[in-house]
Amino acid sequence: MTGTYLGMPSFPRAAEASTRDHRLRANLRRATHTIRAKRDRAVAELDDWAQLRAAGAAVKDRTLRHLDHYLLQLEESVTRAGGTVHWAADAAEANRIVTGLVLATGEREVVKVKSMATQEIGLNGALAAAGIRAYETDLAELIVQLDDDLPSHILVPAIHRNRAEIRDIFLRRMADWGLSAPEGLTDRPADLAEAARLHLREKFLRAKVAVSGANFAVAETGTLVVVESEGNGRMCLTLPETLISVVGIEKVVPTWRDLEIFLQLLPRSSTAERMNPYTSMWTGITDGDGPRAFHLVLLDNGRTDTLADGTGRQALRCIRCSACLNVCPVYERAGGHAYGSPYPGPIGAVLTPQLRGLASPLEESLPYASSLCGACFEACPVAIDIPEVLVHLRERVVEGGAVTVRGTRTVIKPAKRHATERAVMRAAGWAFDHPRVLRSGQRLLARTRGLHPRRLPGPGRAWSDTRDLPEVPPESFRDWWARTRGGPGRGGEPS
């Protein structure tokens, strides 16, 4: 996907450190519980929420089945409206396109609307390497940028910071990026917001180039849609002379009628609002109104490979609402940075390994970053069965098999670190096929239960380091049944 997060440790190693950070866990617990409760109330207001959810999933699935058709229709519509469409196969190509477009304007600064796609490709770093400074204008993204940090949540990138930490970041770093923070700044939310507003205002007024993503792109008209809560997006989309939007190819929806479904699903699932305070829509360019040049960069970067997987492709339904993060017990305790990706939480655990491929121990570990409790599936507004995809990807990690990589069908080998697991599973399968062997093993374990270690040795240590070994009962269920029900011939063995 990008080099931004390369070198991150595997999820278990990263989570081992983050779960010991008591301040981080307190920040996450307070924020996720608050957002979760508000979302539940907003969703409960709609009697037809289940039908909306099913409709959203159906529209996404239909669009993905015919994605080639709708992308070409989108290109035609955008071009007809005066925009220019660029196609980027991967992050490097997308960065080259955007950098070239900015340099062609003669500008060396851009303002940015919050965008997961540009985080995914590491655009800010690519622009910096070309001598272009990118200013994040979303409040939470601004906090992250000022602190040289990484986002840890899809909706609230600075969720791991509390108000006092944010005040200290503003006082320490705002002057390095422009207007300094006011003297005597407090940690009151209103004061922090005012400091950010003053800091960003002069950037909005002087910027000639803006970079955005899009929540949706309507194929029939070429209209792009950004929903947000602060108004910074509206400023970036209307004031600059040149607008460049980097959009994943899965963001397309066929018609305005389809868009109506998602404009009900997204705000309630993300910010727990009936509608977003700012819903900005633009179609190409209009003389005397808004940017004079519009460029749409359609990003693949692993999405076509994901689309080729019949089970994994449902992850492309994602509308980036973050509802799955807010209900996930693993995310709440480990935080977003442990996932080593712009996409943390349950959706990141299924999306990142598919977009990047199983390229390192990090990607191989992400499908295991879940308890499979299913809360994410219940919360997802487009009914992505995340547990199903997690199990599917675990099978790929352990067994290998046929996958699509950069458009070519290939066979990947099983992960080396899972050889012991495969051997244990084969042995267990053989034992279950031979009842006498299974019964003898159970009795042996019961008779030696006082000698069992609390931690497994060798490769098994990785499992027992974070789990308690189950206590072996004094007798197996079959032996208990035979003893209490009379055994074969009198009570019969359980079937």
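Just the heavy atoms: all of them, side chains too, but no hydrogens, waters or symmetry mates, feed the values below.
Rounded to the nearest 0.5 Å, atoms NE2 (His295) and CD1 (Ile285) are 9.0 Å apart. Interatomic distance, CG of Leu67 versus CG of Leu72, reported as 9.5 Å (0.5 Å rounding). The distance from atom CG of Leu237 to atom OG of Ser212, rounded to the nearest 0.5 Å, is 5.5 Å. Rounding to the nearest 0.5 Å places CG of Leu259 at 9.0 Å from OG1 of Thr279. Note that the CG atom of Leu71 and the CG atom of Asp300 stand 9.5 Å from one another [nearest 0.5 Å]. Residue Ser229 holds its OG atom at 7.5 Å from CG of Leu155, rounded to the nearest 0.5 Å.
Between Asp138 and Lys112 there is no salt bridge, since no side-chain N of the basic residue sits under 4.0 Å from a carboxylate O of the acidic one. Glu109 has a carboxylate O that lies under 4.0 Å from a charged side-chain N of Arg206, or vice versa, which qualifies the two as a salt bridge. Between Arg268 and Glu45, at least one side-chain nitrogen of the basic residue sits less than 4.0 Å from a carboxylate oxygen of the acidic one, meeting the salt-bridge criterion. Ion pair Glu364/Arg394 not flagged as a salt bridge, since none of the NZ, NE, NH1 or NH2 atoms sits closer than 4.0 Å to an Asp/Glu carboxylate oxygen. Using a 4.0 Å cut-off between charged nitrogen and carboxylate oxygen, Glu16 and Arg20 count as a salt-bridge pair. A salt bridge does not link Glu332 to Arg29: none of the charged side-chain nitrogens sits closer than 4.0 Å to a carboxylate oxygen. Arg197 and Glu194 are joined by a salt bridge, as a carboxylate oxygen and a charged side-chain nitrogen come within less than 4.0 angstrom of each other. Salt-bridge annotation for Glu250 and Arg320: present, with a side-chain N of the basic residue lying under 4.0 Å from a carboxylate O of the acidic one. Under the 4.0 Å criterion applied to side-chain N and carboxylate O atoms, Asp90 and Arg406 are not assigned as salt-bridge partners.
For Arg172, the CZ atom counts as densely surrounded, since its 6.0 Å shell holds more than 12 non-hydrogen atoms of other residues, nucleotides or ligands. Atom CG of Asp176 is surrounded by more than 12 heavy atoms from other residues, nucleotides or ligands within 6.0 Å.
Residues Leu101 and His86 have side chains in contact (heavy-atom distance under 4.5 Å, counting atoms from C-beta outward). Within the 4.5 Å cutoff, the side chain of Val389 has no heavy atoms near those of the Pro387 side chain. In this structure the side chain of Leu224 never reaches within 4.5 angstrom of the side chain of Met281, judged on heavy atoms. The side-chain heavy atoms of Pro254 and Glu220, taken from C-beta on, include no pair separated by under 4.5 Å. Contact annotation: the side chain of Leu358 never approaches that of Val403 to less than 4.5 Å [non-hydrogen atoms, C-beta and beyond]. Under the 4.5 Å side-chain criterion, counting only non-hydrogen atoms from C-beta, Tyr278 is not in contact with Asn232. At least one side-chain heavy atom of Leu325 sits less than 4.5 Å from a side-chain heavy atom of Pro344. Residues Pro9 and Leu362 are not in side-chain contact: their nearest non-hydrogen atoms beyond the backbone lie 4.5 Å or more apart.
The stretch residues 54-64 participates, sequence neighbours left out, in these side-chain hydrogen bond (donor to acceptor under 3.5 Å, both in side chains) pairs: Asp61-Arg317, Arg62-Asp258.
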> Could you walk me through whether His160 and Ser152 pass the side chain to side chain donor-acceptor pair (under 3.5 Å) check?
Replying inline: CA-CA 7 Å; His160 54 290; Ser152 65; 2.6 Å; yes
> Yes or no on side chain to side chain contact (heavy atoms under 4.5 Å, CB included) for Val247 and Val297, after CA distance, side-chain angles and deciding distance?
Replying inline: CA-CA 6 Å; Val247 181; Val297 182; over 6 Å; no
> Going through the checks in order, is the salt bridge (Lys or Arg N to Asp or Glu O under 4.0 Å) test met by Arg292 and Asp287?
Replying inline: CA-CA 7 Å; Arg292 289 182 286 182; Asp287 290 339; over 6 Å; no
> What's the verdict on side chain to side chain donor-acceptor pair (under 3.5 Å) for Trp256 and Thr221, showing C-alpha distance, side-chain angles and the deciding distance?
Replying inline: CA-CA 8 Å; Trp256 274 80; Thr221 60; 3.1 Å; yes
> Hey, mind stepping through Thr223 and Thr283 against side chain to side chain donor-acceptor pair (under 3.5 Å) and telling me if it holds?
Replying inline: CA-CA 4 Å; Thr223 302; Thr283 305; 2.6 Å; yes
>> Using side chain to side chain donor-acceptor pair (under 3.5 Å), reason through Ser280 and Arg234 one step at a time and then give a plain yes or no.
In response: CA-CA 6 Å; Ser280 299; Arg234 182 71 56 83; 2.7 Å; yes
>> For Val350 and Ile347: C-alpha separation, side-chain torsions, deciding distance, then whether side chain to side chain contact (heavy atoms under 4.5 Å, CB included) applies.
In response: CA-CA 5 Å; Val350 296; Ile347 189 60; 3.9 Å; yes
> Can you check side chain to side chain contact (heavy atoms under 4.5 Å, CB included) on Val209 and Glu241, steps first, answer last?
Replying inline: CA-CA 6 Å; Val209 182; Glu241 297 175 359; over 6 Å; no
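Between Trp282 and Phe294, the ring-plane angle classifies as perpendicular under the 30° and 60° cut-offs. Aromatic ring pairs are classed by plane angle as parallel below 30°, tilted from 30° to 60° and perpendicular above 60°; the pair Phe11 and Tyr339 is tilted.
Side-chain atoms of Thr306 and Arg313 include no donor-acceptor pair closer than 3.5 Å. Using modelled atom types and a 3.5 Å distance limit, the side chains of Tyr343 and Glu120 yield a donor-acceptor pair. A donor-acceptor pair shorter than 3.5 Å cannot be found between the side chains of Thr105 and Glu107. Using a 3.5 Å distance cut-off with no hydrogens or angles, the side chains of Thr186 and Asp191 do pair a donor with an acceptor. Checking Glu136 against Asn124 by side-chain atom types alone, a donor-acceptor pair falls below 3.5 Å. Between the side chains of Asn326 and His33, no donor-acceptor pair of N or O atoms lies under 3.5 Å. The closest side-chain donor-acceptor pair between Gln264 and Glu260 falls under 3.5 angstrom. Counting only N and O atoms by type, the side chains of Glu363 and Ser360 include a donor and acceptor under 3.5 Å apart. Between the side chains of Ser365 and Ser10, no donor-acceptor pair of N or O atoms lies under 3.5 Å. For Gln145 and Trp177, the side-chain atoms include no donor-acceptor pair closer than 3.5 Å.
For the pair Arg53 and Phe377, the cation-pi criterion (under 6.0 Å, within 45° of the ring axis) is fulfilled.
In plain terms, the two heavy atoms of Ala349 and Leu393 that are nearest each other are O-CD1, 4.0 Å. Across all non-hydrogen atoms, the minimal contact from Ala334 to Leu24 is O-CD2, 4.3 Å. The shortest heavy-atom contact between Glu202 and Gly178 is OE2-CA, 4.3 Å. Shown here for Ala308 and Thr404, the closest heavy-atom pair between the two residues is CB-OG1, 3.4 Å. When all heavy atoms of Ala158 and Ile143 are compared, the pair lying nearest together is CB-CG2, 3.9 Å.
When the ring-ring contact (aromatic ring centres under 6.0 Å, His included) test is applied to Phe262, the partners found at least two apart in sequence or on another chain are Phe216.
Between Arg161 and the options Asp149, Asp187, Asp168, a salt bridge (charged side-chain N to carboxylate O under 4.0 Å, His left out) holds for only Asp149.
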